[in-house]
Colleague: 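My questions all concern the structure below.
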Number of protein chains: 2
Amino acid sequence: MKKEKATIHDIARKLNITASTVSRALKDHPRISAETKKAVQKTAQKLNYQPNHIAAALRNGKSKIIGIIVPTADRSFFSSVVRGIEEIANGSQYNVMICQTYDNYEKEVATVEALLNARVDGVIASHGKETQNFDHFLKIKERGIPLILFDRSNDELEVSSVVIDDFLGAYKATEHLIQQGCRRIAHFTNTRKISIFKERLRGYREALLDNKLPYDETLVIESNLQLEDGRSSTEQLLKLRERPDGIFSASALSIVGALQVLKENNIAVPDQVALVGFSNETYTSFTDPSLSTVEQHSMRIGNAAAEIFLEEVNADQKKFIPQKIVLKPELIIRQSSLRKK
Amino acid sequence: MKKEKATIHDIARKLNITASTVSRALKDHPRISAETKKAVQKTAQKLNYQPNHIAAALRNGKSKIIGIIVPTADRSFFSSVVRGIEEIANGSQYNVMICQTYDNYEKEVATVEALLNARVDGVIASHGKETQNFDHFLKIKERGIPLILFDRSNDELEVSSVVIDDFLGAYKATEHLIQQGCRRIAHFTNTRKISIFKERLRGYREALLDNKLPYDETLVIESNLQLEDGRSSTEQLLKLRERPDGIFSASALSIVGALQVLKENNIAVPDQVALVGFSNETYTSFTDPSLSTVEQHSMRIGNAAAEIFLEEVNADQKKFIPQKIVLKPELIIRQSSLRKK
DNA sequence: TTATATTGCGCAACCGATTACACATTATGT
DNA sequence: ACATAATGTGTAATCGGTTGCGCAATATAA
């Protein structure tokens, strides 16, 4: 039953020509006659020939595969980015190999190793939360393989990156809360020193100050930003003598936690406390009230990353200067922050 | 800057031995002396040697890559399955290549082609909703490459599969609604003739009949089971003279739509209408009330699929008989179906 | 008509690792 | 002491395409 896979040599034998001619014919080489090309194509069809990418990859030193490293594909944000990458990549005959690190540093290092051994032509990655040391990414760079970081990037690495303007997103979100009448706005941020969270914190702070509101550190709560963290952070806020009347969270999950706790305490959202999160995950529109959030245009992030990759592989090794693309986020206002006037 | 990648030949030259000895030393071949092995390992380290999997793949005819085909990774169910596969696969030095078809038939066919050309050692797949013709999967089988289907499987294909007992899941869900006092239970099912949906419908039907409740076709609504479909289906139900007092949906998204519409119409959930969905997606616990659902133990599905793959690759070509693993689902009861007695 | 281009295709090396087979050396058995 | 076995390493082919170089045949130019 197992069909013997045909090679170009099989085709060549059948036509009494050489494999090199077949190879050229299949690639539409200008020096091959039209008849030969037609004949080759016909027999290729007949023999059910499927090119062996591995052989080509070995010879060419390029696998036509882009490695993608994400913490998890199980999030609208990351899966949309992947989709955005695929859109562009497939158009240029590249396939993608998606790898999940589950935010685990060891797994991330192992993944880079695996992709390197698989000889991918490029890597598009967003590193995990644990990642402090970037030697594994450096290794990719040293190999001369294009590396593009997105969302969570690292400026010291001197590689191209695609990010959104986290500062702006946070600024808009906070400003919106202020416009809705909030005067004591809390902020959930991450304990780690990841730039996106630092930027979001900065945006929050600036918006407050620009609107003559005090920046109060007791209202800034650090955590891992998961659901449970959102819950406990909110409980912490409720214990304050002066409770906040708005929360802007740097994540999507933690604001869900906040909403849960507020409802359990019979605190009206958005009237007593208005909420805005970050990242337009599916579930943010399913809660009651639905959650306002910062949309990151993840598909476009993927598009941009893939485009940079294509530029880099096609550029001369040395000439390429790392570029940083910053996309503008958009505030999506839903019920959790829209007070009736 | 671009480090020249070292090969076994470089190591060999440095040690005045041949590449074959190096190759053997690295693979811990019994006929190589301990000293040589040590020396090889040391210089491999020094030269920062990374094995070229592509070369090995070409020679061995095995890439050590498992191709995974899913409609989308952006769902807890599929991403958990992938995780389950990775758990097992990584333990046996296999890497995975995740491909998304977005439920698009052409993309699915192209993906199979791509994986075949990439010479993956096996394919674990869940086909798209559009897929009626399975010739592309047949092609994998004909190549002698292990193919394991999960969730959405196809019995005619005669390949191994891992599924859950959809009948049982649906039966349990429906029975639970009956126990909660529901007497007119509606069901959302898919228009396509996909077996999982047929089985769920059957489970629903059996549970009704076993409990002496009539099976009423006007309460069974076919759609694509997306959010909007859930909304319109529910609106349709509300127009009935005799409204249902419970809904069991074969999908997670559509039951969210149902909840939305019921709330908009001030119908109490679960007291007036109780709801149960299928698939324990993240968001099902974030709605208000939270949604009861059928948990599919997706991680285990992935584990099982990967295990079958390993058995198949290690088995003699012909000896392997396709096996079908059926896992038991579990009913998760949340607020949307739990009536206070 | 002779010189130069162009066309069409073959030859053979190559990518990097793997492995059957061969061979020399040393160890073990009787 | 001699036959046999075990040990350690080298030789060379192989996986399937790709491509620089070369050569002959035909076409174009001068």
Side-chain angles (χ1 to χ4, degrees), chain A residues 3-41 43-44 47-65 93 116-121 143-145, chain B residues 3-41 43-44 47-65 93 116-121 143-145:
Chain A
K3 243 179 218 162
E4 292 311 316
K5 38 316 181 217
T7 71
I8 53 170
H9 294 94
D10 299 323
I11 299 177
R13 210 169 305 128
K14 208 139 231 148
L15 294 172
N16 269 319
I17 53 179
T18 62
S20 37
T21 303
V22 175
S23 173
R24 292 192 179 102
L26 289 171
K27 313 201 81 188
D28 204 31
H29 191 286
R31 295 282 275 277
I32 299 296
S33 71
E35 313 156 62
T36 309
K37 283 178 187 169
K38 227 161 271 172
V40 167
Q41 274 158 11
T43 39
L47 296 182
N48 190 30
Y49 168 75
Q50 299 279 138
N52 186 330
H53 283 183
I54 291 187
L58 177 59
R59 169 64 216 233
N60 298 330
K62 33 186 88 267
S63 58
K64 283 295 193 175
I65 293 177
Q93 314 301 333
L116 245 28
N117 291 347
R119 295 298 197 267
V120 295
D121 291 343
R143 291 259 171 150
I145 295 171
Chain B
K3 243 178 219 160
E4 293 312 316
K5 39 316 182 218
T7 71
I8 54 170
H9 294 94
D10 299 322
I11 300 177
R13 209 170 304 128
K14 207 139 230 145
L15 294 172
N16 268 320
I17 54 178
T18 61
S20 41
T21 304
V22 175
S23 173
R24 292 193 181 101
L26 290 171
K27 311 203 81 190
D28 204 33
H29 190 285
R31 295 279 276 276
I32 299 294
S33 73
E35 313 157 63
T36 308
K37 283 178 186 168
K38 227 162 271 173
V40 167
Q41 273 158 12
T43 39
L47 296 182
N48 190 29
Y49 168 76
Q50 299 279 138
N52 186 330
H53 282 183
I54 291 187
L58 177 60
R59 169 64 216 233
N60 297 329
K62 34 187 88 266
S63 58
K64 283 294 191 176
I65 293 177
Q93 314 301 334
L116 245 26
N117 290 347
R119 294 298 197 268
V120 295
D121 292 344
R143 290 258 170 151
I145 296 171

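Order of the sequence lines sets the chain letters (A, B, ...), proteins ahead of strands, with each chain counted from 1.
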Colleague: What do you reckon, is NZ of Lys14(A) surrounded by more than 12 foreign heavy atoms closer than 6.0 Å?
Modeller: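 No, because the 6.0 Å sphere around NZ of Lys14(A) holds 12 heavy atoms or fewer from other groups.
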Colleague: Measure CZ/Arg119(A) against P/dC15(C) and give the value in whole Å, please.
Modeller: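 Value for this atom pair: 13 Å.
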Colleague: Base, sugar-phosphate, or nothing: which does Ser33(A) touch, judged by heavy atoms less than 4.0 Å apart?
Modeller: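 The residue Ser33(A) makes sugar-phosphate contact but no base contact.
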Colleague: Under 4.0 Å, counting only non-hydrogen atoms across every strand here, what does Thr7(A) touch: a base, just sugar-phosphate, or nothing?
Modeller: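 Contact class for Thr7(A): sugar-phosphate only.
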Colleague: Rounded to the nearest Å, what distance is computed from the NZ atom of residue Lys62(A) to the P atom of nucleotide dT18(D)?
Modeller: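 Interatomic distance, NZ of Lys62(A) to P of dT18(D): 13 Å.
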Colleague: Separation of Asn16(A) atom CG from dC9(C) atom C1', in whole Å?
Modeller: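 Result: 13 Å.
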Colleague: dT25(C) C1' sits how many Å from Arg31(B) CZ, rounded?
Modeller: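 The distance from CZ of Arg31(B) to C1' of dT25(C) comes to 12 Å, rounded to the nearest Å.
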Colleague: Rounded to the nearest 0.5 Å, how far does CD1 of Ile8(A) lie from CZ of Arg13(A)?
Modeller: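 Separation between the atoms: 11.0 Å.
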Colleague: Less than 3.5 Å between a donor and an acceptor, one on the side chain of Arg24(A) and one on the base of dG17(D), is that the case here?
Modeller: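 Answer no: no donor N or O sits under 3.5 Å from an acceptor.
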Colleague: With a cut-off of 6.0 Å (strictly less than), are more than 12 heavy atoms of other residues, nucleotides or ligands near NZ of Lys37(B)?
Modeller: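 More than 12 heavy atoms, drawn from other residues, nucleotides or ligands, come within 6.0 Å of this atom.
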Colleague: Measure CZ/Arg13(A) against P/dC9(C) and give the value in whole Å, please.
Modeller: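 So the CZ-P distance, Arg13(A) to dC9(C), works out to 19 Å.
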Colleague: Among the candidates dT19(D), dG16(D), dA13(D), find the nucleotide nearest to the side-chain atoms of Asn52(A).
Modeller: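 Looking only at heavy atoms from C-beta outward on Asn52(A), the closest nucleotide is dG16(D).
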Colleague: Output the rounded distance in Å from NE2 (His9(B)) to C1' (dT11(D)).
Modeller: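 Roughly 12 Å, once rounded to whole Å.
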Colleague: Would you please say whether a donor-acceptor pair under 3.5 Å links the side chains of Ser23(A) and Ser20(A)?
Modeller: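 There is no such pair between these side chains.
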Colleague: Which one, dG17(D), dG10(C), dT19(C), comes nearest to the side chain of Thr18(A)?
Modeller: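 Nearest to the side-chain atoms of Thr18(A), counting from C-beta on, is dG10(C).
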Colleague: Going from CZ on Arg59(A) to CG on Leu58(B), what distance comes out if it is rounded to the nearest 0.5 angstrom?
Modeller: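 One finds 13.0 Å between CZ of Arg59(A) and CG of Leu58(B).
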Colleague: Taking atom C1' of dG17(D) as reference, at what distance in whole Å does atom CD1 of Ile11(A) sit?
Modeller: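 Interatomic distance, CD1 of Ile11(A) to C1' of dG17(D): 11 Å.
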Colleague: Taking the side chain of Lys27(B) as heavy atoms from C-beta outward, which of dT18(C), dC9(C), dG16(D) is closest to it?
Modeller: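 Nearest to the side chain of Lys27(B) among the choices is dT18(C).
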Colleague: For Lys37(A) and dC9(C), give me the distance from atom NZ to atom C1', rounded to whole Å.
Modeller: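 So the NZ-C1' distance, Lys37(A) to dC9(C), works out to 13 Å.
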Colleague: Both Pro30(B) and Leu58(B) contact DNA chain D. Which one's nearest nucleotide lies toward the 5' end?
Modeller: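 That would be Pro30(B).
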Colleague: Need to verify one output field. Residue with the more 5' nearest nucleotide on DNA chain C, Arg59(B) or Val22(A)?
Modeller: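 Residue closer to the 5' terminus by nearest nucleotide: Val22(A).
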Colleague: Using a heavy-atom cut-off of 4.0 Å across all strands, would you classify Ile17(B) as base, sugar-phosphate, or nothing?
Modeller: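 Sugar-phosphate contact only.
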